[in-house]
Student: 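Have a look at this one before I ask anything.
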There are 2 protein chains.
Amino acid sequence: MNPEAFFIDQLRRVTLRWRTRFDAELKAQGQTLVRARALVYLARRPEGMTQRELTEQLMVEHPTMVRILDALEEQGLIRREPIEGNRRANRLILSPAALPMVDELEAAFAAEAHRVLRHVPPDKLALATEVLRGIAEQLEEGA
Amino acid sequence: MNPEAFFIDQLRRVTLRWRTRFDAELKAQGQTLVRARALVYLARRPEGMTQRELTEQLMVEHPTMVRILDALEEQGLIRREPIEGNRRANRLILSPAALPMVDELEAAFAAEAHRVLRHVPPDKLALATEVLRGIAEQLEEGA
DNA sequence: TTGCTATACGTAGCAAGCTACATATATTGC
DNA sequence: GCAATATATGTAGCTTGCTACGTATAGCAA
């Protein structure tokens with residue numbers, strides 16, 4: 001296998017394994033990786049944000065977001081609130097009940113990330129990150 | 001966001017964007033990224049292999065593989081052949097009709113990979129690959 | 001040989017990606 | 001002001017991941 005193909009294989013491998021591991025860890029709390037990410041991003045913005053903004057930050061397509069939010073709303077962790085003066089957008093607000101869970105999720109995420117990445121020297125991690133960021137931009141330019 | 005979290009975000013971003021792009025390119029041929037990968041691996045082994053072997057090579061779980069193979073069999077590109085002396089395993093065989101498509105797919109994959117990765121210097125790509133491989137192993141050890 | 005365990009494949013059902021299409025509301029340009 | 005366009009959200013339906021469970025066959029050990 002050529003180096004480019006092998007790189008792509010490893011990418012897929014790590015991304016999926018990470019998701020699987022984290023989903024398994026969160027299962028007890030009834031959460032998943034993406035839903036946890038959504039909650040964490042929302043917690044950083046107490047004044048709330050629209051679905052569109054959250055969709056961009058999480059880098060998913062909007063139908064995916066709709067379902068994530070449906071699930072979180074069902075769990076009583078967020079609500080979609082009408083925005084005065086803008087009847088097509090919603091403001092997403094974290095329920096007070098969600099705050100302790102968000103702290104737990106954030107801690108679990110950081111701990112797990114560190115457990116998985118602890119053997120990677122910081123300079124190599126930085127370089128790999130930079131390579132990935134460059135590729136992502138290349139992909140998003142459509143080029 | 002801390003460097004570890006940012007790294008993980010970039011990982012997900014690149015992996016998904018790559019899959020989306022490649023799926024879109026293959027749509028005209030009625031194929032997808034995983035199915036193409038399956039065909040390419042099978043083409044490298046004219047004597048065929050069992051589902052278990054292919055499952056390991058593609059790094060998916062076996063129910064995922066079952067569905068991929070169902071689709072490919074439906075398209076007439078492969079067949080599951082009984083193995084003499086082993087009544088539980090199947091030998092997967094590529095149909096002769098699939099060979100030209102496999103060549104196309106392999107060429108498309110290589111071309112697209114190169115288009116996306118051409119701006120990454122080989123030494124950096126190698127380093128990033130090595131980082132990813134290390135992380136994957138860490139993840140697979142369960143540690 | 002008989003029964004336990006391991007292996008190979010399959011089915012069911014869920015989550016999370018995606019595209020394509022639908023609906024309602026804003027915005028903009030004439 | 002009205003028509004055309006753009007934006008925000010939602011729905012439908014597909015693929016690909018996964019886990020959990022089912023079934024048949026192989027292998028091994030008492």
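Throughout, a chain's letter reflects where its sequence line sits, starting with A, and its residues are numbered from 1.
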Student: Are the side chains of A/L26 and A/T32 in touch, meaning some heavy atoms are under 4.5 Å apart?
Tutor: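 Side chain of A/L26 against side chain of A/T32, heavy atoms only: no contact under 4.5 Å found.
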
Student: Round to the nearest Å and state the distance from A/L54 atom CG to D/dT9 atom P.
Tutor: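 So the two atoms are 10 Å apart, to the nearest Å.
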
Student: So B/T64, base contact, sugar-phosphate only, or nothing? Heavy-atom distance under 4.0 Å.
Tutor: base

Student: With a non-hydrogen cut-off below 4.0 angstrom, is A/R12 in contact with a base, only sugar-phosphate, or nothing?
Tutor: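 If one applies the 4.0 Å heavy-atom cut-off, A/R12 turns out to touch the sugar-phosphate alone, with no base involved.
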
Student: Quick one: on DNA chain D, does A/T20 or A/T55 contact a more 5' nucleotide (nearest heavy atom)?
Tutor: A/T55

Student: Rounded to whole Å, how long is the line connecting atom CD1 of A/I68 with atom P of C/dG17?
Tutor: 6 Å

Student: Touch check for B/R67, heavy atoms < 4.0 angstrom, all strands: base, sugar-phosphate only, or nothing?
Tutor: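 Counting heavy atoms under 4.0 Å across all strands, the contact made by B/R67 includes a base.
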
Student: Find the distance between OH (A/Y41) and OG1 (A/T55) and round it off to the nearest 0.5 Å.
Tutor: 12.5 Å

Student: Please tell me if the side chains of A/R12 and B/R37 come closer than 4.5 Å, counting only heavy atoms from C-beta onward.
Tutor: yes

Student: Could you check how far CD of A/Q31 sits from P of C/dA15, rounded to whole Å?
Tutor: 11 Å

Student: Is any side-chain heavy atom of A/R45 closer than 4.5 Å to one of A/Q57?
Tutor: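 Answer yes - side chains close enough.
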
Student: Any side-chain heavy-atom pair from A/W18 and B/I135 closer than 4.5 angstrom?
Tutor: no

Student: Once you apply a heavy-atom cut-off of 4.0 Å, does A/N90 come out as touching a base, just sugar-phosphate, or nothing?
Tutor: sugar-phosphate

Student: Rounded to whole angstroms, how far apart are CD on B/E25 and C1' on C/dT19?
Tutor: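 So the CD-C1' distance, B/E25 to C/dT19, works out to 17 Å.
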
Student: Of the nucleotides D/dT9, C/dA8, C/dT19, which has the atom closest to the B/A89 side chain?
Tutor: C/dA8

Student: Given atom CD of B/E61 and atom P of C/dC9, what is their separation to the nearest angstrom?
Tutor: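 Value for this atom pair: 14 Å.
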
Student: Does this structure show an ion pair linking A/D70 with A/R80, if we count only N-O contacts that are shorter than 4.0 Å?
Tutor: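 Answer for the salt bridge query: yes.
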
Student: Just one of A/R17, A/R21, A/R19 clears the salt bridge (Lys or Arg N to Asp or Glu O under 4.0 Å) bar with A/E112, so which one?
Tutor: A/R21

Student: Would you jot down, in residue-number order, the residues of residues 42-53 of chain B having a non-hydrogen atom under 4.0 Å from DNA chain D?
Tutor: none

Student: Name the pairs: protein N/O against N/O of nucleotides 27-29 of chain D, kept only if under 3.5 Å.
Tutor:
none

Student: Name the closest nucleotide to the A/R87 side chain, picking from C/dT25, C/dT19, C/dT11.
Tutor: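 Among C/dT25, C/dT19, C/dT11, the one nearest the side chain of A/R87 is C/dT25.
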
Student: Output the rounded distance in Å from CG (A/N86) to P (D/dA8).
Tutor: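 Roughly 8 Å, once rounded to whole Å.
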
Student: Ignoring backbone atoms, establish whether B/R35 has a side-chain N or O less than 4.0 Å from OP1 or OP2 of D/dT16.
Tutor: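 Looking at the OP1 and OP2 atoms of D/dT16, one of them is under 4.0 Å from a side-chain N or O of B/R35.
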
Student: Provide, to the nearest angstrom, the distance between the CD atom belonging to B/E84 and the C1' atom belonging to D/dT25.
Tutor: 16 Å

Student: State, yes or no, whether a side-chain contact exists between B/E106 and B/R44 at a heavy-atom distance under 4.5 Å.
Tutor: yes

Student: What is the distance, rounded to the nearest whole Å, between atom CZ of B/R19 and atom P of C/dA16?
Tutor: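 It is 13 Å, rounded to the nearest whole Å.
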
Student: Under a 4.0 Å threshold between the charged nitrogen and the carboxylate oxygen, would A/R13 count as salt-bridged to B/E140?
Tutor: yes

Student: Hey, are B/H62 and B/Q51 close enough side-chain-wise for a donor-acceptor pair under 3.5 Å?
Tutor: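 Note: B/Q51 and B/H62 side chains miss the donor-acceptor criterion.
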
